[in-house]
There are 2 protein chains.
Amino acid sequence: MKKKREGKTTSKIFDDHDHGMCFDDAIEQIENYFLKKNLQFTPLRRKVFEILIRDHKPLGAYEILEALGRDGFSSSPPIAYRVLDFLMEHGFVHKIQGLNAFIACPNPNHSHSPAFVICRKCEKVAEVDEKKSGISFANPSIDNFEVEKTTVEMTGVCTTCSRAATI
Amino acid sequence: MKKKREGKTTSKIFDDHDHGMCFDDAIEQIENYFLKKNLQFTPLRRKVFEILIRDHKPLGAYEILEALGRDGFSSSPPIAYRVLDFLMEHGFVHKIQGLNAFIACPNPNHSHSPAFVICRKCEKVAEVDEKKSGISFANPSIDNFEVEKTTVEMTGVCTTCSRAATI
DNA sequence: ACTGATAGTGTTATGTTATAACATGTTATG
DNA sequence: CATAACATGTTATAACATAACACTATCAGT
Ligand SMILES: [Zn+2]
Ligand SMILES: [Zn+2]
Ligand SMILES: [Zn+2]
Ligand SMILES: [Zn+2]
């Protein structure tokens, strides 16, 4: 089960892939985590996570609220923000600062401070972990400073989109 | 003159330093740039830049507006956002995404995509350039993707603040 | 089962950040 | 001096986020 997840790369996200497996895998992981930690995976929390994991696109809080409303849940702002805060605390959702939007983590086993790769055309977002991205935060050059939290976001165009543009 | 600037480091920002020189140096650079590029360094633009370069702390757009109001300028939101957009285009101001705030670039000669080091205690922000920070964006591991723009923000506590806390 | 504590959800109101659209003034150029 | 461009001013509104409080569900200990 672990091996299956380790193979997930940037290209898998931007290319066509078996997203049903992404989805099922992510749901399974979050269920197991909640069970193990004795947390409630309530219908609302499940729904918010499902909305976010539907595609690899970040959604604004108000987009999530609309989706909740369509599915019969309350859609006043605090509903979304509370659930998002909760899911972020546990590493299942990340905020993309440059977009004021939220994305489901497809693999909470990763480093908890991933870098985000954001395609401005298809709007999909992939995570890459610290080591693979070549980013090292415990860096000697940033002396006189203790880093606690990092935000790394890279915006550009994925090859799937740039190939499509040249056809 | 160039050498003077190259010595600017993270520690210079967080420690006590001759900020008058920072200030004058920055103003001189922006004046020269505007002159060279035939751009208007209007009173409003100058004021906004001065407000931001007063300290190495980022300010929200509405804080800038208040300061503008106190100095007799108009203080409706578009005033600030337009000038900020303009100054950002030319690299004299950066936006700190994690704070929804704006900071004057103390050295526009740097890489145009610096990493930001943010102290959550004194709220000062330093820039470090790509190479020194150990961050390399043209990274082979982020394949299938052409990075156009990067955001790197590191939040923590500077040693000036952590020393102060243990006294 | 009762009781109180904790956690989760719902609702209203408000705060904060950012932009659209249009009017007016100012500056450079032919 | 006409006119195009750039710059600033103003009103309104959009987009993003939180405070405060009410109500409900779940759970632990009696
Ligand atoms: Zn997928
Ligand atoms: Zn794409
Ligand atoms: Zn200084
Ligand atoms: Zn500090």
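Just so it is clear, the values below take in all heavy atoms, side chains as well, and ignore hydrogens, waters and symmetry mates. Quick caveat: nothing in here was measured; it's all calculated off a predicted structure. Letters go in sequence order (proteins before strands), and every chain restarts at 1.
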Colleague: What do you reckon, are the aromatic ring centroids of A:Phe41 and A:Tyr33 less than 6.0 Å apart?
Modeller: no
Colleague: For a quick test of reading the model: is some side-chain N or O of B:Asn100 closer than 4.0 Å to OP1 or OP2 of C:dA18?
Modeller: yes
Colleague: Between P on D:dA14 and CD on A:Glu66, what's the gap in Å once rounded to a whole number?
Modeller: 14 Å
Colleague: With no hydrogens and no angle check, just 3.5 Å: does a side-chain donor-acceptor pair link B:Glu127 and B:His94?
Modeller: yes
Colleague: Identify the nucleotide, in any strand shown, that forms a Watson-Crick or G-U wobble pair with C:dA28, with both distances under 3.5 Å; if there is none, say none.
Modeller: D:dT3
Colleague: Between C:dG10, C:dG8, C:dA18, which nucleotide gets closest to the side-chain atoms of B:Pro77?
Modeller: C:dA18
Colleague: Is any NZ, NE, NH1 or NH2 atom of the basic residue among A:Glu153 and B:Lys149 found under 4.0 Å from an Asp or Glu carboxylate oxygen of the other?
Modeller: no
Colleague: For B:Gly60, is there any backbone N or O sitting under 3.5 Å from a side-chain donor or acceptor partner on B:Glu63?
Modeller: yes
Colleague: Which of the following nucleotides, C:dT9, D:dA17, C:dA18, is nearest to the side chain of B:Lys95?
Modeller: C:dA18
Colleague: D:dC6 P sits how many Å from B:Leu39 CG, rounded?
Modeller: 10 Å
Colleague: Is a side-chain N or O of A:Arg120 found less than 3.5 angstrom from the main chain of A:Val157, in a donor-acceptor match?
Modeller: no
Colleague: Under 4.0 Å: is that the gap between some side-chain N or O of B:Tyr81 and OP1 or OP2 of C:dT19?
Modeller: no
Colleague: Is a donor-acceptor contact shorter than 3.5 angstrom present between the side chain of A:Tyr62 and the base of D:dA14?
Modeller: no
Colleague: For B:Asn38 and D:dA7, what is the distance between atoms CG and P respectively, to the nearest whole Å?
Modeller: 11 Å
Colleague: Checking contacts here: which listed nucleotide (D:dT8, C:dG10, D:dA17) is nearest the side-chain heavy atoms of B:Leu44?
Modeller: D:dT8
Colleague: Which nucleotide in the list D:dT18, C:dG10, D:dT8 gets nearest to the side chain of A:Arg82?
Modeller: C:dG10
Colleague: Which nucleotide sits closest to the side chain of B:Pro78: C:dA20, D:dT8, D:dC16?
Modeller: C:dA20
Colleague: Quick one: label B:Ser76 by what it contacts on the DNA or RNA (base, sugar-phosphate, nothing), any heavy atom closer than 4.0 Å.
Modeller: base
Colleague: Kindly point out which of D:dG9, C:dG10, D:dT18 is positioned nearest to the side chain of B:Ile79?
Modeller: D:dG9
Colleague: Could you give the CZ-to-P distance, from A:Phe102 to D:dC16, as a whole number of Å?
Modeller: 10 Å
